[in-house]
Amino acid sequence: MIDPRILRDDPDRVRAAQAKRGLSDEVVDRALSADAARRAAISTFESRRAEQKQLGKQIPQAQGDEKTELLARTKALAAEVKEAEAAQAVAEEEWQAALMSMPNLAAPEAPEGGEDDFVVLEEVGTPRDFAAEGFEPRDHVELGRMLGAIDLERGAKVSGSRFYFLTGVGAQLELALVNLAMEQAREAGFTQVVAPSLVRPRAMEGTGFLGQAADDVYRIEGEDLYLVGTSEVPMAAYHSDEILDGASLPLRYAAFSPCFRKEAGSHGKDTKGIIRVHWFDKVEMFVYSTLEESYAEHERLLAWEKQFLDKLELSYRVIDVATGDLGLSAIRKFDCEAWIPTQGKYRELTSTSNCTEFQSRRLDIRGRFEDGTRPLATLNGTLCAIPRTIVAILETHQQADGSVRVPKALQPHMGGLEVLAPVQP
RNA sequence: GGAGGCGUCGCCUAGUCCGGUCUAUGGCGCCCGCCUGCUAAGCGGGUUUGGGGCUACAACCCCAUCGAGGGUUCAAAUCCCUCCGCCUCCGCCA
């Protein structure tokens with residue numbers, strides 16, 4: 001939720017922001033008139049209520065006719081109060097609905113446009129030249145099969161399309177990656193967390209995943225629970241309805257959790273392999289900070305993401321995501337995309353967003369400072385989304401015989417294993 | 001899943017049976033001041049959060065807030081209903 005004061009004091013700024021995301025500004029006028037109606041309703045209700053309380057106080061002392069008279073008047077007032085209250089509730093609801101449907105105000109620096117209008121900020125490393133090395137790279141599906149690391153057939157048999165089993169060195173790779181990510185996070189001062197993957201509607205709504213993104217969310221039949229697509233959801237809700245000590249900020253968490261996505265809008269996309277799956281495990285960084293610090297913190301999150309990719313010796317680029325592709329909550333988003341040799345392109349591995357006070361307003365997360373309490377900024381960033389990272393590692397570090405070199409940093413977490421050897425041709 | 005108990009403004013707590021004087025008691029903690037070689041103790045004051053009005057986004061006034069939401073009533077922390085959470089016991093289970 002954006003700051004209602006900005007909407008009231010500077011609606012043109014909000015209109016411009018809507019336009020920058022390619023959205024209509026009709027909602028701005030709807031919100032403004034709802035706000036006016038709401039304040040009028042509050043005013044009416046409160047004055048009636050004050051009068052009612054005033055008179056009500058006199059009733060216990062009153063006697064005879066005076067008492068009868070008072071009871072009659074307060075009874076009439078009570079009906080008015082009830083009516084005014086109902087009117088207020090209606091106005092309040094309209095205002096809330098309008099406000100909740102508005103995305104965060106994109107940062108001025110964020111490039112304008114849709115999915116393809118990102119700006120490349122940086123390219124790190126050089127994609128491996130397999131032609132020069134004299135062999136055709138195998139894709140991760142083939143490598144996963146040869147190594148006995150990824151079992152897609154049985155994934156489909158047991159759970160359906162977009163599911164997989166990680167087996168043998170594949171399972172070992174996942175655990176090693178989780179350990180490496182958690183180790184880095186711990187060393188950087190993060191609190192390690194294992195978070196629940198099922199949450200109540202409030203957590204989902206508060207993080208902005210029940211808006212246009214709702215189609216991608218699994219809901220548990222017969223229960224008021226959702227499966228999260230990222231531990232950003234439980235970690236944002238973690239401190240909901242709390243007032244945190246300003247001096248304790250920033251609070252940095254690294255949360256491990258399974259993630260579930262319907263992938264509703266992506267039929268036919270990435271149907272092969274484990275690039276796009278319905279379930280995967282992920283270590284996610286999540287930070288609560290002041291608004292002022294959030295911009296610098298966002299850069300730090302990106303730096304930690306890059307540090308991790310560097311440890312895995314991957315080639316990647318960093319993009320500044322365009323406004324149309326930011327999602328509801330973010331004002332700015334940086335993605336790290338790793339080079340996938342057999343696709344001949346960069347694919348998203350990590351993503352970090354600054355959501356400023358948007359989620360905090362919805363989830364009621366505040367900080368206590370010397371000059372009062374204020375909503376905090378929340379930020380998130382992927383440290384390691386397992387399957388895509390495995391894809392990048394297998395394809396990037398493969399050798400002509402189908403074996404795969406284990407990056408140095410990962411070796412201690414793989415029991416010293418330096419090379420993953422094929423178990424079948 | 002069954003039975004019972006509980007949820008009060010940071011923490012603890014009074015109040016709930018018998019609705020109005022609750023503008024919610026007291027203690028601890030914290031903040032400001034006084035006093036005192038320093039500290040502690042003592043004394044005085046302050047200390048939920050959100051919203052509206054008016055404004056300098058001050059002061060002030062008002063409304064809401066006793067887990068959440070409804071209901072009864074002129075009036076609800078207090079009575080009724082639903083939900084959420086915690087605790088104890090039983091059952092089941094990793």
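Lettering follows sequence order; numbering is per chain, from 1.
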NA contact type, Ser47(A), heavy-atom cut-off 4.0 Å: base, sugar-phosphate, or nothing? nothing
Can you give each donor-acceptor pair under 3.5 Å made by side-chain atoms of residues 251-262 of chain A, sequence neighbours left out, with the distance rounded to 0.1 Å?
unit_1, atom_1, unit_2, atom_2, d
Arg252(A), NE, Glu297(A), OE2, 2.7
Arg252(A), NH2, Glu297(A), OE1, 2.9
Tyr253(A), OH, His239(A), NE2, 2.7
Arg261(A), NE, Gly229(A), O, 3.0
Arg261(A), NH2, Gly229(A), O, 2.8

How far apart are the C-alpha atoms of Phe286(A) and Tyr288(A), what are their side-chain angles, what is the distance that settles it, and do they pass the ring pair (Phe, Tyr, Trp, His ring centres under 6.0 Å) test? CA-CA 7 Å; Phe286(A) 195 89; Tyr288(A) 296 86; 5.2 Å; yes
Sub-3.5 Å pairs of nitrogen or oxygen atoms, protein against nucleotides 65-73 of chain B:
unit_1, atom_1, unit_2, atom_2, d
U72(B), OP2, Lys82(A), NZ, 3.2

Pair up each side-chain donor or acceptor in residues 318-331 of chain A with any protein partner under 3.5 Å, not counting sequence neighbours, and list the distances.
unit_1, atom_1, unit_2, atom_2, d
Asp320(A), OD1, Arg332(A), NE, 3.3
Asp320(A), OD2, Arg332(A), NE, 3.4
Asp320(A), OD2, Arg332(A), NH2, 2.5
Thr323(A), OG1, Lys20(A), O, 2.8
Thr323(A), OG1, Gly113(A), N, 3.3
Ser329(A), OG, Thr207(A), O, 3.0

Glu292(A) atom CD: more than 12 heavy-atom contacts under 6.0 Å: yes
Strictly below 4.0 Å: does Lys53(A) bring a side-chain N or O up to OP1 or OP2 of A64(B)? yes
Shortest non-hydrogen contact from Leu349(A) toward Ala392(A): CD2-CB, 4.1 Å
Tell me every residue that passes salt bridge (Lys or Arg N to Asp or Glu O under 4.0 Å) with Asp29(A), counting only those two or more places apart in sequence or in another chain. Arg15(A)
Base-pairing mate for A24(B) - Watson-Crick or G-U, with both contacts under 3.5 Å: none
So which atom in Val193(A) and which in Met182(A) form the shortest heavy-atom distance, rounded to 0.1 Å? O-CE, 3.6 Å
Check whether any side-chain nitrogen or oxygen of Gln52(A) sits under 4.0 Å from OP1 or OP2 of C74(B), and answer yes or no. no
Identify each atom pair where a protein N or O and an N or O of nucleotides 78-85 of chain B are less than 3.5 Å apart, giving names and distance.
unit_1, atom_1, unit_2, atom_2, d
C84(B), O3', Arg200(A), NH2, 2.4
G85(B), OP1, Arg200(A), NH2, 2.8

Tell me, which of residues 36-45 of chain A have any heavy atom that sits under 4.0 Å from an atom in RNA chain B? Arg38(A), Arg39(A), Ile42(A), Phe45(A)
Has Arg8(A) got a side-chain N or O lying under 4.0 Å from the OP1 or OP2 atom of G52(B)? yes
Remember a base hit wins even if backbone is also touched, and classify Leu55(A) as base, sugar-phosphate or nothing at under 4.0 Å, heavy atoms. nothing
May I ask you to verify if any side-chain N or O of Arg48(A) is less than 4.0 angstrom from the OP1 or OP2 atom of C63(B)? no
Of all the heavy-atom pairs spanning Pro11(A) and Val28(A), show the shortest one and how long it is. O-CG1, 4.1 Å
Below 4.0 angstrom, N of the basic side chain to O of the carboxylate: do Arg8(A) and Asp3(A) qualify? no
